[in-house]
Amino acid sequence: MPHPIRYNPSVTYLEDLNPPQRQAVTVEGGPVLVLAGPGSGKTRVLTRRIAHLVVALGVQPYNIIAVTFTNKAARQMRERVEALVPEGLRSLDGIWLGTFHAMCARLLRREAGNNFLPFTNNFVIADDDDQDTLIRQSLKEFNLDDKQYRPAVLSAIISRAKNELIPAEDFTVQNYRDEVARRVYQRYEERLRAENKLDFDDLLLWSVRLLVEQPDTRQRYARRFQHVLVDEFQDTNTVQYELLKLLASHHHNLFVVGDEDQSIYRWRGADAGNVRRFEQDFPDCHKILLEQNYRSTQVVLDAARAVIDRNPDRTPKQLFTERGGGQPLALYEALDDRGEASHVVERIYREMVTRRAKGGEFAVMYRTNAQSRLLEEEFLRAGLPYRLVGAQRFYGRREVKDLIAYLRLVFNPADDLSLLRVINVPRRGAGEKTILGLQMTAQDAGISAGAVLVSLGQDRVASPYWNVFTNRTALALAEFGDMLRRWRQDLEADTPLPALFDRILVESGYEGYLRDGSEEGEERWENVQELRRLAYEYQERGLAEFLENLALVSDQDTLPDQLDAPTLLTLHAAKGLEFDHVFIIGLDEGLLPHSRSMDEPEEMAEERRLFYVGLTRARNLVTLVRAEQRATFGTYEDTRPSRFLQDIPEHLLQTSGVRTRLPRRQRQEAWEQPQRWESKPPAGSAPEPIVRQFQPAMRVRHPSWGEGMVMDSKVQDNEELVDVFFESVGFKRLVASLAKLEVVPKN
DNA sequence: CAAAGATCGCTTTTT
DNA sequence: GCGATCTTTG
């Protein structure tokens, strides 16, 4: 990340590396463990090594597999390697580069003809919603209360079992709760098999089982992959580590990069102990330490080190930087969580006005996604654009999920869950009773609900299932079944994906249902169109790949990189990124560290690592923010400062805010009459006169809010303030120099 | 069967 | 304080 490298034949990919980096890039085969502190050029080493293998050693990309945890990391790695490998000399065709899950899906699709695997190669990937629904349905079948047996807990139990390679039959039972878990696990598996689905854990589990139990297959892949490279190795879980060892079992060229201090996924099975295990498993491995940091100031590093050093059982690292000095960290204590959010926005706003800082220099990080809401409100109020990573922005939308369910159903009519989702959306008279009848019928006949529908659609009254329903209901179901059959024909006739998409939208009545003339309807329609654009990109590759990507690509990956605006993201999502000025909010006990981590020391250590990851994202400035009072579930509660704040040496931290300024009584008053920061003039803005660019009645366009009409414009505090009425969000007041408004010419 | 109204429960982090 | 889910009513 420090300096993006474009390939230039006169500069080799080794020149700008420090000695340990160079060693890591060029070290010969065998197992290699690279321990890389934050900002030490970890990604750089990985990409250069791939380039080195291909360009200098003549390894075919076909013989390389490189695994990451996120799609974003995979995409970046591919781009960077491509820039390093001279065009025409060799392309990266044939390389396997992607996330663990994507690589496993690829492997399993290729091998699913093998009768060892209990699914066919057109399996679909069950998402979280599928899992949740299946578990709830299983509980219902056993007449169990989903409040007593939480689906989330059960799904965690099942996931853990799968990560330990324990099938339902071998699930050890010591009490009744275990017995419930075992039964649900078993039923859940049956349902997945019946719908030809694999959950995330299955992708890994079946890959490992296949390679363990089918020596021929293992040999084929192990011979092929002369080099296995892994990013963020500290985040691997048991199954993933097994998989890596299997893939490298022939050539033994396993190159892993990681940092145990940045292990933040223990809760989903990651085991940083794998780092130590690696040294035991491969006693002859090369171990390389990257300790020079190219990102942060010394002050930031000192503070981060002070925080992480309090964790027990770690190899201490001697991180150093040549960037001496730096400004101390700032701590701002706000009255309440709204004050917290407005302080952040005000601070960013000020820096953008006074020193013309770019929006992209800032990031605001928080522990839980829910914390983004107040921030968004404040950014919106200030008229500042922002980018939000994650938090179900797009794929969590109802309309997007509906459309995906339609597509999944067409691809796989046995997908009962998708069928149930859309059979009555829009309403077609298939209510609760009808659906129940349909499910019973399908179960009795031993086929999927989709198959019953298709039969009804095709044979109408002649169908054996017609008489199960009243004529009216049967007709409605038959109509739906007929549509489904036609779409399947389209699919088999290789109808281009966008065309199929449109047919579904029109024929299902979904378009009409969504576009009911309301503003909200149009907004939802926009999301559907966005999904359609995505489908368009997949028209060459087809529905199967489209669906796979929808399952494996998350909102975390949909970050619009182009927009130069402050980034809002969770601390988890921040790993691997860097920003000039990092804000970390919510430094209160119970939030960071999170209340759920208080019982177990290892979980507390993980919270600390999370904070450490956040701190080390900063190039220059860190601002920590907390709130005296915070609204949880609607009511305000007093908070206590995070214990992590005490770990930062005093001389590295500068405190400001209400708590230090006002005694309690005045604070109370201040709270009753909150000051809105908009009324304050931004301090120290350069006194150059500005010209009004906008006039009432002009049409303008905003990057996120679309078109609107200028209602008024005035100059205040040397900034032009424009009042705009947007079709999408209504009335907004914007700062013209910041808001990226475009004038729409009149035709 | 659909729409409006009432209640519940929820917050960790993600492929 | 919100959104999903259950309950009541037309």
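Proteins come first, then strands; the chains are lettered A, B, ... in the order of their sequence lines, and each starts at number 1.
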Can you spot which of A:Met365, A:Glu376, A:Gln371, A:Arg387 makes a side chain to side chain contact (heavy atoms under 4.5 Å, CB included) with A:Leu568? A:Glu376
Spacing of A:Arg630 atom CZ relative to B:dT11 atom C1', expressed in whole Å: 13 Å
In whole angstroms, how far is the P atom of B:dT14 from the CG atom of A:Asp201? 16 Å
Could you check whether A:Lys42 pairs with A:Asp231 (Lys NZ or Arg NE/NH1/NH2 to Asp/Glu carboxylate O, under 4.0 Å)? yes
To the nearest Å, give me how far apart CZ (A:Arg136) and P (C:dC6) are. 8 Å
Send over the distance from A:Arg266 CZ to B:dT15 P, rounded to a whole Å. 20 Å
Can you name the closest pair of heavy atoms from A:Arg608 and A:Val307 and give their distance? CD-O, 3.2 Å
Separation of atom CG in A:Asp336 from atom P in C:dG1, rounded to whole Å: 12 Å
Return the pairing partner of C:dA4 with a 3.5 Å limit on both distances, Watson-Crick or G-U wobble; otherwise return none. B:dT7
In whole Å, what is the span from the CD1 atom of A:Ile585 to the P atom of B:dT11? 19 Å
Rounded to whole Å, please give me the gap between CD in A:Gln262 and P in B:dT13. 20 Å
Hey, are A:Arg266 and A:Glu600 close enough for a salt bridge, meaning a charged N less than 4.0 Å from a carboxylate O? yes
Can you see if the side chain of A:Asn369 gets near the phosphate of B:dT13 - specifically, an N or O under 4.0 Å from OP1 or OP2? yes
Please check the phosphate of B:dT11 (OP1 and OP2 only) for any side-chain N or O of A:Ser595 closer than 4.0 Å. no
Would you call A:Glu602 and A:Arg609 a salt bridge, using N to O less than 4.0 angstrom? yes
Using the rule for Phe, Tyr, His and the six-membered ring of Trp, do A:Trp267 and B:dT13 stack at under 5.5 Å and under 30°? yes
Salt bridge between A:Glu548 and A:Arg106, side-chain N to carboxylate O under 4.0 Å? no
Starting the side chain at C-beta, find the nucleotide from B:dT11, C:dG1, B:dT14 nearest to A:Ala370. B:dT11
Report yes if some heavy atom in the side chain of A:Val153 is under 4.5 Å from a heavy atom in the side chain of A:Tyr149; otherwise report no. no
With sugar-phosphate meaning primed atoms plus P, OP1 and OP2, does A:Phe200 contact a base, only sugar-phosphate, or nothing at under 4.0 Å between heavy atoms? base
By nearest-heavy-atom nucleotide on DNA chain B, the more 5' of A:Gln131 and A:Glu607 is A:Glu607
Which is true for A:Tyr265 with a 4.0 Å heavy-atom rule: it touches a base, it touches only sugar-phosphate, or it touches nothing? sugar-phosphate
Output a table of nitrogen or oxygen pairs between the protein and nucleotides 1-3 of chain B separated by less than 3.5 Å.
{"residue": "B:dC1", "atom": "OP1", "partner": "A:Gly429", "partner atom": "O", "Å": "3.1"}
{"residue": "B:dC1", "atom": "OP1", "partner": "A:Gly431", "partner atom": "N", "Å": "2.9"}
{"residue": "B:dC1", "atom": "OP1", "partner": "A:Thr434", "partner atom": "OG1", "Å": "3.2"}

If you compare every side-chain N and O of A:Asn237 against the phosphate oxygens of B:dT15 (OP1, OP2), does one of them come in below 4.0 Å? no
Atom CD of A:Gln131 and atom CG of A:Leu154: how far apart are they, to the nearest 0.5 Å? 11.5 Å
Atom CG of A:Leu552 to atom C1' of B:dT15: distance rounded to whole Å? 7 Å
Could you please name the option among B:dT15, C:dG1, B:dT14 that lies closest to any side-chain atom of A:Thr99? B:dT15
Which nucleotide, B:dT13, B:dT11, B:dT15, lies nearest any side-chain atom of A:His572? B:dT13
Out of B:dT15, B:dT13, B:dT11, which has the shortest distance to the side chain of A:His101? B:dT15
